[in-house]
Asker: 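Could you have a look at this structure, given as structure tokens, before my questions?
We're numbering straight along the sequence, starting at 1. Keep in mind that the numbers below use all heavy atoms, side chains included, and drop hydrogens, waters and symmetry copies.
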Amino acid sequence: MTKPPLTLYLAAPRGFCAGVDRAIKIVEMAIQKWGAPVYVRHEIVHNKFVVDGLRDLGAVFVEDLDDCPNDRPVIFSAHGVPKTVPAEASRREMIYVDATCPLVSKVHIEAERHHQNGLQMVMIGHAGHPETIGTMGQLPEGEVLLVETTEDVAGLAVRDPEKLAFITQTTLSVDDTAGIVAALQARFPAIVGPHKEDICYATTNRQESVKAIAPRIDALLVIGAPNSSNSQRLVEVGKSQGCAYSQLVQRAANIDWRALEGIRAVGITAGASAPEVLVNEVIDAFRDRYELTVEIVETAQEDIEFKVPRVLRKPA
């Protein structure tokens, strides 16, 4: 039986970003240095395949510092943690390594600086997401107000409209955030913003590459985890660019082949915490079923690399 023809448009850049790469490396190096088990507070990055692989090496994932013994190293996830967490680890004399993405740390430093200048913060982010919890936890209670939508801006009760600054979660949709920023600036003309958008380069680049392939495709598959904010935003960007079938899949086994019947062109991308092996697995699954043409659509090149903390570069 002849296979039907299909063109796969592969978005580039896609998949791992420098912050995720660094975080995974931190866990691997910590296990090499101190042996297993090494504890990790929260999933190091939001991807089951990655987390399972690290668990096999000897990482133990917990949600709270209370679940960690004092005598084993603990690593804080790439999303960042509230200030109380390293403070508590120090009090317990634990060895800890902070794998917070440097671009998230940059937002933490920004918030701290505005706070010292007497400004109250407005954070654009998703309630309950670990990055939002970590960033809001850099400052005392009530100093950071969270908004998720333009509607939230209308209901904000601020201390002093003349003394405000805003920051954003790094994994948001560039387009959605622009609308919320505009609403903040309209309501609080004196509000201070970051020099450059807090949304990280990798989030922006992955969204741009989806926009570039959207006009050519009938369906978009985003390889990523359901709890990955940047992956969910890629699905939304696909839909907003007119790609009606825009779906998140964790790996090839999750593809709904019936939904793709009769389709001639599919776009593939991967969230910043999804490894390339899962992308290849999806491509192979398509190759089994279709006469496949693969086209790479590259909109940017990424050569950013973040160093791992010094403690891991020194022998035990």
Asker: Work out which heavy atom in Ile263 is nearest to a heavy atom in Ala219; give both atom names and the distance.
Answerer: CD1-CB, 3.8 Å
Asker: Can you tell me which residue among Leu220, Asn205, Val222 is in a side chain to side chain contact (heavy atoms under 4.5 Å, CB included) with Val210?
Answerer: Leu220
Asker: Please name all residues satisfying side chain to side chain donor-acceptor pair (under 3.5 Å) with Gln207, sequence neighbours left out, ordered by chain then number.
Answerer: none
Asker: For residues Ala59 and Val40, report the shortest heavy-atom separation together with the two atoms involved.
Answerer: CB-CG2, 4.2 Å
Asker: Regarding Gln169 and Asp198, is there a side-chain donor-to-acceptor distance under 3.5 Å anywhere?
Answerer: no
Asker: Any side-chain heavy atom of Asp98 sitting closer than 4.5 Å to one from Pro309?
Answerer: no
Asker: List the atom pairs, donor and acceptor, that lie under 3.5 Å between side-chain atoms in residues 11-29 and the rest of the protein, sequence neighbours left out.
Answerer:
{"from": "Arg14", "atom 1": "NE", "to": "Glu276", "atom 2": "OE1", "distance (Å)": "3.2"}
{"from": "Arg14", "atom 1": "NE", "to": "Glu276", "atom 2": "OE2", "distance (Å)": "3.3"}
{"from": "Arg14", "atom 1": "NH1", "to": "Ala11", "atom 2": "O", "distance (Å)": "2.9"}
{"from": "Arg14", "atom 1": "NH2", "to": "Glu276", "atom 2": "OE2", "distance (Å)": "2.7"}
{"from": "Arg22", "atom 1": "NE", "to": "Lys307", "atom 2": "O", "distance (Å)": "2.7"}
{"from": "Arg22", "atom 1": "NH1", "to": "Thr100", "atom 2": "O", "distance (Å)": "3.0"}

Asker: Can you list, by chain and residue number, the hydrophobic cluster partners of Leu119 when the side-chain cut-off is 4.5 Å?
Answerer: Val192
Asker: Give me the one residue out of Ser228, Ser231, Ser229 that meets side chain to side chain donor-acceptor pair (under 3.5 Å) with Thr171.
Answerer: Ser229
Asker: Parallel, tilted or perpendicular: which fits the ring planes of Phe286 and Trp257, with parallel below 30° and perpendicular above 60°?
Answerer: perpendicular
Asker: Which atom pair, heavy atoms only, marks the closest approach of Ser273 to Val50?
Answerer: O-CG2, 3.9 Å
Asker: Taking only residues two or more places apart in sequence, or in another chain, which ones meet Ser209 in a side chain to side chain donor-acceptor pair (under 3.5 Å)?
Answerer: none
Asker: Mind checking side-chain contact (heavy atoms from CB on, under 4.5 Å) for Val60 and listing every partner two or more places apart, or none if nothing turns up?
Answerer: Pro37, Tyr39, Val62
Asker: Between Glu281 and Arg251, does any NZ, NE, NH1 or NH2 come within less than 4.0 Å of an OD or OE carboxylate oxygen?
Answerer: yes
Asker: For a 4.5 angstrom cut-off between non-hydrogen side-chain atoms, does Met94 reach Cys68?
Answerer: yes
Asker: Above 12 or not: heavy atoms from other molecules or residues under 6.0 Å from NZ of Lys48?
Answerer: no
Asker: For Arg310, what residues pass the side-chain contact (heavy atoms from CB on, under 4.5 Å) criterion, not counting sequence neighbours?
Answerer: Arg313
Asker: What are the two closest heavy atoms between Leu139 and Glu112, and how far apart are they?
Answerer: CD2-CA, 4.0 Å
Asker: Does Leu54 reach the side chain of Phe61, with side-chain heavy atoms less than 4.5 Å apart?
Answerer: yes
Asker: Please, which pairs that meet ring pair (Phe, Tyr, Trp, His ring centres under 6.0 Å) have at least one residue in residues 118-149, sequence neighbours excluded?
Answerer: His46-His129, His79-His129
Asker: Taking side chain as C-beta onward, heavy atoms only, is Met136 less than 4.5 Å from Met123?
Answerer: yes
Asker: Taking the side chain from Arg287 and the backbone from Ile283, do they hold a donor-acceptor pair closer than 3.5 Å?
Answerer: no
Asker: Would you indicate whether the side-chain heavy atoms of Arg72 and Trp34 approach each other to under 4.5 Å?
Answerer: yes
Asker: Would you say the side chain of Val97 lies within less than 4.5 Å of the side chain of Val74, judging by non-hydrogen atoms?
Answerer: no
Asker: Kindly determine whether Met121 and His114 satisfy side-chain contact (heavy atoms from CB on, under 4.5 Å), including the steps that lead there.
Answerer: CA-CA 8 Å; Met121 291 287 99; His114 287 314; 3.0 Å; yes
Asker: Under the side-chain contact (heavy atoms from CB on, under 4.5 Å) criterion, do Thr269 and Ile223 qualify, and how do the steps go?
Answerer: CA-CA 6 Å; Thr269 188; Ile223 301 161; over 6 Å; no
Asker: Does the side chain of Leu145 reach to within under 4.5 Å of the side chain of Gln120, using non-hydrogen atoms?
Answerer: yes
Asker: Using side-chain heavy atoms (C-beta onward) and a distance below 4.5 Å, is Tyr96 in contact with Leu65?
Answerer: no
Asker: Verify, without hydrogens or angle tests, whether Asp152 (side chain) and Thr149 (backbone) share a donor-acceptor contact under 3.5 angstrom.
Answerer: yes
Asker: Please report the closest heavy-atom contact between Val81 and Pro86, naming both atoms and the distance.
Answerer: CG2-CD, 3.7 Å
Asker: Could you list the donor-acceptor pairs under 3.5 angstrom formed between side-chain atoms of residues 239-250 and any protein atom two or more places apart in sequence or on another chain?
Answerer:
{"from": "Ser240", "atom 1": "OG", "to": "Val237", "atom 2": "O", "distance (Å)": "2.9"}
{"from": "Ser246", "atom 1": "OG", "to": "Val235", "atom 2": "O", "distance (Å)": "2.8"}

Asker: Scan for salt bridge (charged side-chain N to carboxylate O under 4.0 Å, His left out) pairs involving residues 169-182, sequence neighbours excluded, and state none if there are none.
Answerer: Asp175-Lys211
Asker: Side chains of residues 177-188: which donor-acceptor partners sit under 3.5 Å, not counting sequence neighbours?
Answerer:
{"from": "Thr177", "atom 1": "OG1", "to": "Ser173", "atom 2": "O", "distance (Å)": "2.6"}
{"from": "Arg187", "atom 1": "NH1", "to": "Val153", "atom 2": "O", "distance (Å)": "2.7"}
{"from": "Arg187", "atom 1": "NH1", "to": "Ala154", "atom 2": "O", "distance (Å)": "3.1"}
{"from": "Arg187", "atom 1": "NH1", "to": "Leu156", "atom 2": "O", "distance (Å)": "3.0"}
{"from": "Arg187", "atom 1": "NH2", "to": "Leu156", "atom 2": "O", "distance (Å)": "3.1"}

Asker: Of all the heavy-atom pairs spanning Ile31 and Gly58, show the shortest one and how long it is.
Answerer: CD1-C, 4.1 Å
Asker: Has the side chain of Lys33 got a donor or acceptor atom that lies under 3.5 Å from a matching backbone atom of Lys314?
Answerer: yes
Asker: So, the side chain of Asp218 versus the backbone of Arg264: is there a donor-acceptor pair under 3.5 Å, distance only?
Answerer: yes
Asker: Among all residues two or more places apart in sequence or in another chain, which pass the side chain to side chain donor-acceptor pair (under 3.5 Å) test with Thr135?
Answerer: His108
Asker: Test side-chain hydrogen bond (donor to acceptor under 3.5 Å, both in side chains) on Glu131 and Thr170; report intermediate values, then the result.
Answerer: CA-CA 8 Å; Glu131 185 188 327; Thr170 60; 2.9 Å; yes
Asker: Where the side chain of Asp64 meets the backbone of Asp67, is there a donor-acceptor pair that is under 3.5 Å apart?
Answerer: no
Asker: Residues in side-chain contact (heavy atoms from CB on, under 4.5 Å) with Asp71, at least two apart?
Answerer: Pro69
